[in-house]
Amino acid sequence: MIKIILNGNTQTCEPGKKVGEILADNNALAARVNGQIVDLAYELKQDSEVNPIYFDSQEGRSIFWHSTSHLMAHAVRLLFPDVKLAIGPAIDEGFYYDFDLTHSLTEKDLEKIEAKMRELVKKNLPIVHKFIAKPELEKSYHQAGEKYKLEILSEVPDEKISTYEQDGFFDLCLGPHLSNTGIIKAFKLLSVAGAYWKGDEHNPMLQRIYGVSFPSQEQLDEYITKLEDAKRRDHRKLGPQLGLFLFSEDLGPGLMLWTPKGALMRRIIEDYWIDTHFKAGYEITYTPHIARGHLWETSGHFSYYKENMFTMTIEKEEYALKPMNCPGHILIYKSAVRSYRELPIRYAELGTVYRNERSGVMHGALRVRGFTQDDAHIFCTPDQIEDEIYSTLQLAIKIMSDFGFKDFHIDLSLRDPNHKEQYVGTDEQWDMGEQALIKALDRSGLKYTRREGEATFYAPKIDIKLLDSLGREWQCPTIQFDFNLPSRFNLYYMGADGRHHTPFMIHRAILGALERFLGILIEHYAGAFPVWLNPVQATVLTITEAETDYAEQVIAQLKTQNIRVNKDFRNEKISYKIGEAERDKIPYILIIGKREKEQNKVALRKRRQGDLGAANLETVIEQIKQDIFERR
RNA sequence: GCCCAUGUAGCUCAGUCGGCAGAGCACUUCCUUGGUAAGGAAGAGGUCGUCGGUUCGAUUCCGACCGUGGGCUCCA
């Protein structure tokens, strides 16, 4: 007999008993036995601690989705016998499988594949874990012409290969997997896309099908509702609809036109940004959009970034549009001999940069070729770096929360300790830099994830990802050291010892790029911006022409209070005008009819709250100002 | 850049198996002066993404290109 601890309770059983029988729980997808994740068919051989794994954990979902991916591959194999299978993992939200198939898959095919998958689910096929001798497996893959599987196999050192099989369809896989196809109650194939074998563009292009699955139809419906909600928030749709920005084929891809309302919002953001940065001890600069090639040679951009730069020839000399603002700031730093007494120097700039992004990667306002970074570069002494990182973090968090983002995921990217030769800079610099980042994070009390080997070649960094109202992540603030440019440009400062010292340089952006940040704000607020950000804060609607004079007085009063106000005096029914104002997501709608005019009031209607009845204008102005003050 | 899909009025979308291009909303004018999310009528609006080919005739079929979308890749 062996001892089993299940959910903290101890019991005994015969050796060889399956985990699934011990759990006796229909909702358990797999189990963790002594810390190792195993199938329900796993046989217990020794004293073990057993914990069930459900769909509510990341591990559980991953197993569920991986099994669905196999199910899909099984269906595709049945429908298209000549298919060659590549890989089919679970991903953050769902799964995919890559196929090499002569037939081009379409949406219609997805329906067919789903139907075939449903058949396989109904059959309740057992999913069986088997170990097959490598030569045997190689032989059968060779016969089937499964070249991708053979390639994977050649990279596996094991002699006995772990595979999973369901009704004759098998796939190499470490597992674990669900015990039966019948568990996969609800799934949807979402899209078909091209993907290179192993993600390398020199390799053949495969066809990838993305999908998602759940233990119940309700969960799938909920997921689909969420997708639809995300679609309703799509900044590419709302942006032009709300008059914020647009793209024009005549202008060129990845180049954004800020239309008046969007430009006004940008102005509000910029004013806030500049004011906040002045208060935080930054100095504002402007640097030109083009610079001679020589500068980009010194900075190194021409050797490692030139293919992403727009270049031109002026008087026989090569110039380039700036892809980054740092060289300009460095030239300002270098324009005088700097003393340790004047450090830290913090140069901030809303700098518009241009990058020649590959044609397939542009995406609405989020990925463009011309964009304005809220960039800054801090030059400081070694003993200032921790404080500088700390205050930059505080500033980033303050700004993000002012824009309504309160939840973050923070990544700390460090160098790969086993491949130190890949990085520029000295060990001393790296140790100081990494320690400063860690200390500043700890001092801030922020939770973060360490990512070894994720640093850029020139320095470690902190990336902050915002979570929006749908729980989606957006990478915005980034704080990175630079151990490369100060030495390339021979930067120094005069130390207390009368000698030259190389300053530490910190790059940082908080909003990222204004274009992208506007897109994120639209998605986060679904276009219904807080009052302080909304380009139109209030609108005045009249019921009949008789109230026009009084309504104009109301508007004049709002304007003296610096409230951004619109009007709609058109000869239309009030409900028509309200509908339009609501669709424009204007936060305050002031309605004026005969009664309001007589009583010297306004009828207030607030976004999402509806009709609030008559109120004194002064009260309404106070409310608006309070909303602005509290950034609601 | 690559694979696949896609492009008809300002917007959302019909349609033409090759023969003068359609609706709703928006816009203009007129009627309606109305009380909390779309009152009525009339009018105007399109080189059917661009260029080329096939054809008596192309928005429709074919090709190239451009844009957009889903991905891959890249993201200093």
Side-chain angles (χ1 to χ4, degrees), chain A residues 91 96 98 100-101 103-109 190-210 234 236-237 240-241 243 246-255 296 299-309 322-327 353 355-364 367 373 424 456-459 461 463 475 478 480 482 484-485 507 509 512 541-548 569-584 589-596 603-614:
Chain A
I91 51 177
Y96 68 79
D98 285 347
D100 186 353
L101 193 58
H103 169 76
S104 280
L105 292 168
T106 63
E107 298 285 317
K108 267 232 160 79
D109 291 319
L190 298 167
S191 63
V192 51
Y196 298 105
W197 168 235
K198 292 185 172 172
D200 185 334
E201 64 186 75
H202 301 101
N203 285 336
M205 176 70 69
L206 306 170
Q207 298 187 66
R208 172 174 298 179
I209 301 178
Y210 283 92
D234 193 330
R236 292 169 300 186
K237 193 135 184 88
Q241 213 171 72
L246 55 88
F247 289 93
S248 158
E249 199 174 328
D250 293 323
L251 188 65
L255 300 170
W296 306 113
S299 70
H301 285 88
F302 264 4
S303 54
Y304 53 77
Y305 200 63
K306 196 168 184 180
E307 58 179 29
N308 283 301
M309 291 170 69
K322 66 172 171 181
M324 292 173 68
N325 302 301
C326 9
V353 297
R355 296 181 185 176
N356 189 2
E357 300 286 358
R358 295 169 84 181
S359 59
V361 305
M362 257 84 72
H363 182 87
R367 191 74 185 269
Q373 291 183 308
V424 301
T456 58
F457 78 85
Y458 56 83
K461 60 174 180 174
D463 291 319
Q475 155 79 61
T478 181
Q480 20 188 289
D482 192 321
N484 185 39
L485 292 179
H507 301 256
L541 315 184
T542 49
I543 290 181
T544 73
E545 283 169 358
E547 296 92 32
T548 307
F569 293 173
R570 287 177 303 175
N571 177 11
E572 294 289 352
K573 286 222 158 65
I574 195 64
S575 49
Y576 178 91
K577 298 201 235 186
I578 288 168
E580 195 167 288
E582 291 279 358
R583 280 190 295 279
D584 284 343
I589 299 173
L590 310 186
I591 294 159
I592 292 171
K594 195 175 168 193
R595 287 202 299 272
E596 288 73 24
L604 176 60
R605 186 186 167 96
K606 279 173 82 167
R607 187 174 63 194
R608 286 190 287 260
Q609 294 177 29
D611 186 4
L612 297 177

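All values below come from the heavy atoms of this structure, side chains included, with hydrogens, waters and symmetry mates left out. Here is how names work: the chains are called A, B, and so on, in the same order as the sequence lines, proteins then strands, and each is numbered from 1.
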>> For a quick check of understanding: with a heavy-atom distance under 4.0 Å over all strands, which category does A:Lys198 fall into, base, sugar-phosphate or nothing?
In response: nothing
> Which nucleotide in the list B:G71, B:U12, B:U73 gets nearest to the side chain of A:Arg358?
Replying inline: B:U73
>> Quick test of your reading of the model: are A:Arg208 and A:Asp98 salt-bridged, counting only N-O distances below 4.0 Å?
In response: yes
>> Counting the atoms with a prime plus P, OP1 and OP2 as sugar-phosphate, which does A:Tyr458 contact under 4.0 Å by heavy atoms, base, sugar-phosphate, or nothing?
In response: base
> Using a cut-off of less than 4.0 Å, is there contact between a side-chain N or O of A:Lys237 and OP1 or OP2 of B:U12?
Replying inline: yes
> How far apart are the closest heavy atoms of A:Ile592 and A:Glu547, and which atoms are they?
Replying inline: O-OE1, 3.5 Å
>> Without decimals, in angstroms, what is the distance between A:Glu596 CD and B:U36 P?
In response: 11 Å
>> Under 4.0 Å, heavy atoms only, any strand: does A:Arg367 hit a base, just the sugar-phosphate, or nothing?
In response: base
> Contact class for A:Ala581 (heavy atom, under 4.0 Å): base, sugar-phosphate, or nothing?
Replying inline: nothing
> Which part of the nucleic acid, if any, lies within reach of A:His507 when heavy atoms closer than 4.0 Å are counted: base, sugar-phosphate only, or nothing?
Replying inline: nothing
>> Could you tell me how far apart A:Met205 (CE) and B:G1 (P) are, to the nearest whole angstrom?
In response: 13 Å
> In which ranges does RNA chain B form stems of 3 or more consecutive Watson-Crick or G-U pairs, distances under 3.5 Å?
Replying inline: B:1-7 with B:66-72, B:10-13 with B:22-25, B:27-31 with B:39-43, B:49-53 with B:61-65
>> Applying ring-ring contact (aromatic ring centres under 6.0 Å, His included), can you list everything that pairs with A:His103, at least two apart in sequence or on another chain?
In response: A:Phe80
> Contact class for A:Arg208 vs. all strands (heavy atom < 4.0 Å): base, sugar-phosphate, or nothing?
Replying inline: sugar-phosphate
> With rounding to whole Å, what would you report as the distance between B:U28 and B:C66 at their P atoms?
Replying inline: 38 Å
>> Over all strands shown, is A:Ala195 touching base, sugar-phosphate only, or nothing at heavy-atom distances under 4.0 angstrom?
In response: sugar-phosphate
>> Closest-nucleotide mapping onto RNA chain B: is A:Pro323 or A:Ile543 further toward the 5' terminus? I mean the 5' end.
In response: A:Ile543
> Between atom NZ in A:Lys577 and atom P in B:U33, what is the gap in whole Å?
Replying inline: 14 Å
> With rounding to whole Å, what would you report as the distance between B:G40 and B:G57 at their P atoms?
Replying inline: 47 Å
> Under the salt bridge (charged side-chain N to carboxylate O under 4.0 Å, His left out) test, which residues partner A:Asp482, sequence neighbours left out?
Replying inline: none
> What pairs with A:Glu572 under salt bridge (charged side-chain N to carboxylate O under 4.0 Å, His left out), at least two apart in sequence or on another chain?
Replying inline: none
>> At 4.0 Å (heavy atoms only), tell me whether A:Gly593 reaches a base, stays on the sugar-phosphate, or touches nothing.
In response: base
> At under 4.0 Å, does any side-chain N or O of A:Arg570 touch on OP1 or OP2 of B:U29?
Replying inline: no
> Does A:Asp200 come within less than 4.0 Å of A:Lys198, counting only side-chain N to carboxylate O?
Replying inline: no
> How close or far is atom C1' of B:U33 from atom CG of A:Leu541, stated in whole angstroms?
Replying inline: 15 Å
> Do other residues, nucleotides or ligands put more than 12 heavy atoms under 6.0 Å from the CD atom of A:Gln609?
Replying inline: yes
> Nearest nucleotide by nearest heavy atom, which residue falls closer to the 5' end of RNA chain B, A:Gly610 or A:Arg236?
Replying inline: A:Gly610
>> Using a 4.0 Å heavy-atom cut-off, does A:Gly364 contact any base of the nucleic acid, only the sugar-phosphate backbone, or nothing at all?
In response: sugar-phosphate
> What is the nucleic acid contact for A:Lys594, judged by heavy atoms within less than 4.0 Å: base, sugar-phosphate only, or nothing?
Replying inline: base
>> Of the options B:G70, B:C74, B:G71, whose atoms approach the side-chain atoms of A:Tyr210 most closely?
In response: B:G71
> What is the distance from CG of A:Asp98 to P of B:G71, rounded to the nearest Å?
Replying inline: 14 Å
> What about A:Tyr196, does its side chain sit under 3.5 Å from the base of B:G71 through a donor-acceptor pair?
Replying inline: no
> Expressed in whole Å, how much space separates the C1' atoms belonging to B:U50 and B:G43?
Replying inline: 32 Å
> OP1, OP2 of B:G34 versus side-chain N and O of A:Arg595: anything below 4.0 Å?
Replying inline: no
>> Taking only the P atom of each, what is the distance from B:U68 to B:C25 in whole angstrom?
In response: 31 Å
> Counting side-chain heavy atoms from CB outward, which of B:C4, B:G69, B:C72 is closest to A:Val361?
Replying inline: B:C72
>> Over 60° means perpendicular and under 30° means parallel, so tell me whether A:Tyr458 and A:His507 are parallel, tilted or perpendicular.
In response: tilted
Table of protein N/O atoms under 3.5 Å from nucleotides 64-67 of chain B N/O atoms:
residue : atom : partner  : partner atom : Å
B:C66   : O2'  : A:Glu249 : OE2          : 3.4

N/O contacts under 3.5 Å, protein versus nucleotides 37-40 of chain B?
residue : atom : partner  : partner atom : Å
B:A37   : O4'  : A:Gly579 : N            : 3.4
B:A37   : N7   : A:Arg605 : NH2          : 3.4
B:A37   : N6   : A:Glu582 : OE1          : 3.4
B:A38   : N6   : A:Arg583 : NH1          : 3.2
B:A38   : N1   : A:Arg583 : NH2          : 3.2

>> Can you see if the side chain of A:His363 gets near the phosphate of B:U68 - specifically, an N or O under 4.0 Å from OP1 or OP2?
In response: no
